[in-house]
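Treat the numbers as computed from the prediction; the structure is a model and nothing was measured.
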Amino acid sequence: MFKEIQKIMIIIIGSALLAASLNFFLIPADVFASGFTGVSQLIASTFDLSTGLLLFLLNIPVAILGWKKVGKSFTIYSFISVAITSIFLEVLPEYAFSQDILLNAVFGGVLGAVGAGLMLRWGASSGGLDIIALVLARYSDRPVGIYFFVLNSLIVFAAGVLFDPEKALYTLVALYVTSRVIDAIHTRYVKLTAMIVTKHAEELRTAIHERLTRGITRVPAKGGYTSDDKEVLFIVLTRYELYDLKTIINDVDPTAFTNIVETASVYGLFNKQ
């Protein structure tokens, strides 16, 4: 229960950062954000509609995709994030901290990326293109940030066509900053190897397979000090899944000794989904 409260708090903080990046930096400078947030900005600017309401409506079909391809828990928390972000967008006033468009683009991109990256690390997202990018990253094993950048290029093009081409270039700066910061925080594509020394190998194996689609190698072991019979579970996973693994170990065997190391490369059968 405490972990769920922590997760909700992270989502609230991340959503607040996303909304602040828009209302305090990007929207006053007419620079567009990444993902469906930027799409909502474009539509709202063209038809004088509410950015928050549009963001919520656009995320409904993507939530269905996330439910099928990413996971029910992830999608639920992501949709909660979208709803909270929409509320913050309506509550927070639009205020320009700077008249320098470049500063607004950079700081707006960084602030938004920190919010999105925090939620991704805790098993949620800001919805929209976050979910689409995660689905693509799972199938290709490439960094999430690359897909953010490529997909968001369409927003840059639309901004250049519908508005000032110069604003499109500053939007490109904001999107580039966002993609780099998200990769620095999230780094889902980095592979990790977990070595878990435990007396409850079977219970851990069952719990891990219920939550993660990963192979496990079991090796008999003996405690060097106590001479107790144990097992070492070897599992290769992505950093995106590390939070779930830690939660499982803590629930099943809090006394298990776990060593996490970064894996340079993986050959053979490895599920990229």
Residue pair [X] / [Y], side-chain heavy-atom distance below 4.5 Å:
X    : Y    : value
L172 : Y176 : no
V261 : L192 : no
T85  : L89  : yes
K199 : D228 : yes
T258 : M195 : no
I196 : F257 : no

* **Under the salt bridge (Lys or Arg N to Asp or Glu O under 4.0 Å) test, residues paired with D253 that sit two or more places apart** => none

Nearest-0.5 Å distance, [atom1] of residue [X] to [atom2] of residue [Y]:
X    : Y    : atom1 : atom2 : value
I10  : I13  : CD1   : CD1   : 5.0 Å
R180 : T178 : CZ    : OG1   : 12.0 Å
I235 : I260 : CD1   : CD1   : 9.0 Å
I84  : I12  : CD1   : CD1   : 5.0 Å

* Between F79 and F56, ring centroids under 6.0 Å -> yes

Given 3.5 Å as the limit, does a donor-acceptor pair link the side chain of [X] with the main chain of [Y], or not?
X    : Y    : value
N23  : L92  : yes
N104 : D100 : yes
H200 : V252 : no
S15  : S81  : yes
S21  : L18  : yes
T51  : A44  : no

* To do: Evaluate the criterion side chain to side chain donor-acceptor pair (under 3.5 Å) for residue pair E90 and S50; output intermediate values, then yes/no.
  => CA-CA 8 Å; E90 297 301 317; S50 166; 2.6 Å; yes

* Asked: Is the CZ atom of F24 crowded by more than 12 outside heavy atoms at less than 6.0 Å?
  -> yes

* To do: For residues L204 and I249, report the shortest heavy-atom separation together with the two atoms involved.
  => CD2-CA, 4.0 Å

* Structure fact -> E202 and R218 have their tightest heavy-atom pair at OE1-NH1, 2.7 Å

* **Residues K222, D229: salt bridge by 4.0 Å N-O rule** => yes

* Asked: ring-ring contact (aromatic ring centres under 6.0 Å, His included) with F25: which of F32, Y95, Y170, F97?
  -> F97

